[in-house]
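See structure below.
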Amino acid sequence: MKERIAEHLAVFRRGVVDLIDEKQLTVLLRKSFEESRPLRVKFGMDPSSPDLHLGHAVPLMKLRDIQDLGHQVVLIVGDATAMVGDPSGRNKLRPQLTRAEVELNLATYKDQAACVLDIEATEIRQNSEWFDEMNFYDVLELAGRMTVARMIERDTFQKRMQAQEPIGIHEFLYPLMQGWDSVEIANDVELGGNDQLFNLLVGRQLQEQRDMCPQVCFTMPLINGLDGRKMSKSYGNSIGLTEAPGEMFGKIMALDDPSMEAWFTLLTRVADAEVETLLAGHPREAKARLAREIVTFFHSSDAADVASKAFDRQFRDRQLPENIQTEAWPVDGDELPLAILLKELGLAKSSSEARRLVQQGGVRLDGDICQDPMQAVLRPASEFLLQVGKRRFQRVTPR
RNA sequence: GGGGAGAUACUCAAGCGGCCAACGAGGUCAGACUGUAAAUCUGAUGGCACAGCCUUCGCAGGUUCGAAUCCUGCUCUCCCCA
């Protein structure tokens with residue numbers, strides 16, 4: 001029994017930031033084993049942006065580990081809360097989504113969560129289920145459970161007030177809504193991102209006020225994106241769960257070295273000792289391993305193999321990649337200035353951008369650097385190869 | 001309800017009548033180097049078939065030879081007082 005508890009505890013604990021509190025979790029685990037009743041572990045997803053990325057995968061992977069131990073994961077799709085927008089970690093008022101937008105995101109969300117979770121074994125609930133039933137008086141009663149003082153002492157609100165940024169009254173309701181989910185679900189444990197601690201604790205408090213067993217709260221770190229800032233789709237520094245293996249592999253190889261350790265512990269199941277060895281070795285090898293692990297998890301080890309080989313070929317050995325897209329000559333005429341050709345082919349967003357690329361020596365025509373944007377390019381007899389930067393290749397055929 | 005402050009390019013943020021397509025930082029892109037799409041260094045970063053031209057500084061008007069900069073109205077935000 002003791003060993004089993006320790007084993008489960010270790011899974012819960014790996015990589016966490018906060019665990020409130022561990023003693024209670026131990027008690028819950030013991031009870032769970034004695035009554036052979038799995039723990040209910042709640043996790044809320046905010047269906048505001050439709051694409052999940054590796055940052056979302058961190059808690060999802062933890063949930064998966066917990067599922068594998070036999071506990072019950074309850075996934076709350078915050079379709080009602082999405083209309084408020086979580087103020088945590090935000091220094092801006094978030095746009096309130098409409099019902100329709102939320103509906104639209106929902107399906108995609110479940111699919112993407114299934115990349116990580118055992119979706120069959122997951123209880124999925126939408127919180128509109130209970131919030132639809134609430135009337136204004138219920139809301140007032142709920143709002144009375146929180147004080148303004150506690151609310152505004154939060155860091156995110158402090159910052160926004162100092163920066164003289166707007167804070168909507170409805171934003172104060174967000175933690176209460178999330179907390180109410182816990183009352184409805186009667187979960188034993190709730191998991192969240194590092195910025196979620198406040199929200200989680202509100203749930204604990206609300207449960208307690210209703211004579212329920214207060215939930216154990218634990219949080220996972222927010223991982224850095226590729227540029228070192230918090231991973232977020234709006235920063236454009238994220239890697240999507242459904243990205244192609246090659247893209248995923250390459251982007252991981254672009255990760256800065258200091259982030260590797262965190263990514264290993266949070267996004268792979270490589271044992272700590274092995275991670276240590278890897279990190280002590282050559283950074284490139286370690287990063288390649290990291291990329292393989294992650295691509296294998298989201299795709300397959302075959303896909304990881306292919307991606308790894310392609311990456312080495314293209315970037316280490318400086319060979320042409322194997323699969324180069326072919327486009328037809330884009331216009332009626334037989335001749336185009338290079339910069340215009342690039343724009344027409346979509347290799348540059350605008351002709352100004354195309355000019356810059358060419359002038360900076362980033363464009364090769366059949367392997368030769370060409371720095372004159374106005375150089376005339378003839379419609380090819382059979383085909384020619386355009387290369388823009390290190391990553392964009394395109395063959396052009398006469399049409 | 002009264003008084004004050006503010007809205008600038010992807011983001012943050014200067015500029016407050018001509019020298020402004022708009023300082024600086026981040027991001028992004030390119031180049032060099034390398035260990036890689038790390039790190040570091042250099043450069044570019046509104047559009048246009050581009051030594052020129054065109055459109056941008058919340059929105060709409062106005063003053064002026066000339067406006068991101070001044071005036072009027074509108075929209076949105078913040079602060080203080082009530």
Side-chain angles (χ1 to χ4, degrees), chain A residues 90-95 152 157-169 171 224-239 243-264 278-292 294-295 307-319 321 330-333 335-345 347-364 369-377 386-393:
Chain A
R90 288 285 169 162
N91 42 24
K92 274 220 173 87
L93 191 67
R94 298 179 69 178
I152 61 176
F157 289 135
Q158 284 293 330
K159 277 190 191 135
R160 280 164 60 179
M161 286 194 287
Q162 262 160 33
Q164 312 210 320
E165 302 252 4
I167 297 171
I169 298 287
E171 294 186 78
N224 285 151
L226 299 169
D227 57 2
R229 294 185 289 173
K230 172 189 161 186
M231 184 177 284
S232 155
K233 204 182 172 210
S234 50
Y235 289 152
N237 63 359
S238 62
I239 301 177
E243 275 186 50
E247 272 303 288
M248 196 179 255
F249 192 97
K251 284 188 180 180
I252 296 167
M253 289 304 282
L255 181 70
D256 52 350
D257 291 355
S259 300
M260 278 199 282
E261 186 174 0
W263 281 47
F264 265 117
L278 281 164
L279 291 175
H282 198 299
R284 191 190 184 281
E285 295 313 309
K287 208 176 289 177
R289 174 66 189 279
L290 177 68
R292 288 186 83 91
I294 294 174
V295 174
S308 162
K309 287 206 179 85
F311 186 89
D312 283 350
R313 178 190 168 90
Q314 187 174 347
F315 298 105
R316 190 192 58 197
D317 306 333
R318 299 288 157 118
Q319 301 285 305
V331 294
D332 287 331
E335 185 181 319
L336 269 185
L338 180 56
I340 306 305
L341 176 65
L342 292 175
K343 188 185 73 169
E344 293 296 332
L345 288 169
L347 289 168
K349 281 196 213 68
S350 64
S351 70
S352 303
E353 184 180 281
R355 269 165 190 279
R356 266 176 246 134
L357 285 167
V358 174
Q359 276 159 0
Q360 289 182 129
V363 176
R364 284 165 190 267
I369 294 177
C370 173
Q371 283 185 292
D372 175 10
M374 283 297 110
Q375 176 174 327
V377 180
L386 270 174
Q387 181 176 354
V388 178
K390 295 187 182 80
R391 290 152 61 186
R392 280 169 285 175
F393 296 85

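Numbers restart at 1 for each chain; the letters A, B, ... are given by sequence-line order, proteins then strands.
Dashed line: the shortest gap from a side-chain N or O of A:R392 to OP1 or OP2 of B:A30 is under 4.0 Å. Taking only side-chain nitrogens and oxygens, A:K390 comes nearer than 4.0 Å to OP1 or OP2 of B:G31. Within the 4.0 Å cut-off from OP1 or OP2 of B:G47, at least one side-chain nitrogen or oxygen of A:R356 is found. Here A:R284 reaches the OP1 or OP2 of B:U36: one of its side-chain N or O atoms lies under 4.0 Å away. Phosphate contact (OP1/OP2 of B:G47, side-chain N/O of A:S350, threshold under 4.0 Å): present.
Look at CZ on A:F311: it is 10 Å from C1' on B:G35, rounded to the nearest Å. In this structure, A:I294 places its CD1 atom 15 Å from C1' of B:U36, rounding to the nearest Å. Going from atom CZ of A:R292 over to atom P of B:U36 covers 16 Å, rounded to whole Å. The interatomic distance linking A:R318 (CZ) with B:A37 (C1') rounds to 10 Å, in whole Å. To the nearest angstrom, P of B:U45 lies 12 Å from CD of A:E353. Nucleotide B:U34 holds its C1' atom 14 Å from the CG atom of A:D317, rounded to whole Å. Atom pair A:D256:CG and B:G26:P shows a separation of 15 Å (rounding to whole Å applied). Following rounding to the nearest Å, A:M253 (CE) and B:U34 (P) show an atom-to-atom distance of 17 Å.
Residues A:A163 and A:D312 both approach RNA chain B. Their nearest nucleotides, taken by heavy-atom distance, put A:D312 toward the 5′ side. Mapped onto RNA chain B by nearest heavy atom, A:M161 and A:K287 fall at different nucleotides, with A:K287 at the one closer to the 5' end.
Using N1 to N3 plus N6-O4 or O6-N4 for Watson-Crick, or N1-O2 and O6-N3 for G-U wobble, each under 3.5 Å, B:G1 pairs with B:C81. If you check B:G35 for Watson-Crick or wobble pairing at under 3.5 angstrom, you find it has no partner at all. Base pairing of B:U28 is made with B:A44, judged by Watson-Crick or G-U wobble geometry with both donor-acceptor distances under 3.5 Å. Using the Watson-Crick or G-U wobble rule with both distances under 3.5 Å, B:C23 pairs with nothing in any strand shown. The pairing partner recorded for B:U72 is B:A60, the criterion being a Watson-Crick or G-U wobble arrangement whose two distances lie under 3.5 angstrom. Nucleotide B:G18 forms a Watson-Crick or G-U wobble pair with B:C65, both donor-acceptor distances falling under 3.5 Å.
Across A:K287 and A:D256, no two heavy atoms sit closer than the pair NZ-C, 4.2 Å.
Judged purely by atom type and a 3.5 angstrom limit, A:D312 has no side-chain atom pairing as donor or acceptor with the backbone of A:D317. Side-chain N or O atoms of A:Q314 include one that pairs as donor or acceptor with a backbone N or O of A:K390 at under 3.5 Å. When atom types are taken as modelled, the side chain of A:R292 and the backbone of A:S308 share no donor-acceptor pair closer than 3.5 angstrom. Of the possible donor and acceptor atoms, none in the side chain of A:R316 sits under 3.5 Å from a partner among the backbone N and O of A:F311. Between the side chain of A:Q371 and the backbone N or O of A:Q360 there is no donor-acceptor pair closer than 3.5 Å. Judged by distance alone, the side chain of A:E353 and the main-chain N or O of A:K349 form a donor-acceptor pair under 3.5 Å.
Separating the P atom of B:C80 from that of B:C12 is a span of 23 Å, rounded to the nearest Å. Using P as the reference atom, B:G6 and B:G58 are 13 Å apart when rounded to the nearest Å. Nucleotides B:C33 and B:A38 have their C1' atoms positioned 13 Å apart, rounded to a whole Å. Atom P of B:A25 sits at a distance of 15 Å from the matching atom of B:U40, rounded to the whole Å. Of the P atoms belonging to B:A14 and B:U63, the separation is 32 Å, rounded to the nearest Å. The same atom, P, is picked in B:C41 and in B:A51; the two are 34 Å apart, to the nearest Å. For the P atom pair drawn from B:G15 and B:C20, the interatomic distance equals 15 Å after rounding to whole Å. Distance noted for atom C1' between B:A22 and B:G47: 16 Å (whole Å).
Annotation for A:E344: atom CD counts as buried by contact number, over 12 foreign heavy atoms lying within 6.0 Å.
The nucleotide whose nearest atom lies closest to any side-chain atom of A:P166 is, among B:C78, B:A37, B:A30, B:C78. For A:S352, taking side-chain heavy atoms from C-beta onward, the closest of the listed nucleotides B:A49, B:U36, B:G47 is B:G47. Nearest nucleotide to the A:S351 side chain, out of B:A38, B:C78, B:C48: B:C48. Checked against B:A49, B:U77, B:A37, the side chain of A:K343 finds its nearest nucleotide in B:A49. Nearest nucleotide to the side chain of A:E247, out of B:U36, B:U45, B:A37: B:A37.
Judged by distance alone with a 3.5 Å cut-off, no donor-acceptor contact links the side chain of A:R391 to the base of B:U28. Evaluation of atom-type donor-acceptor distances gives a pair under 3.5 Å for the side chain of A:Q360 against the base of B:G43. One cannot find a donor-acceptor pair under 3.5 Å joining the base of B:G27 and the side-chain atoms of A:N237.
Heavy atoms of A:D257 sit under 4.0 angstrom from at least one base atom. Counting any heavy atom pair closer than 4.0 Å across all strands shown, A:G250 reaches a base atom. Using a 4.0 Å heavy-atom distance criterion, A:I252 is classed as making no nucleic acid contact.
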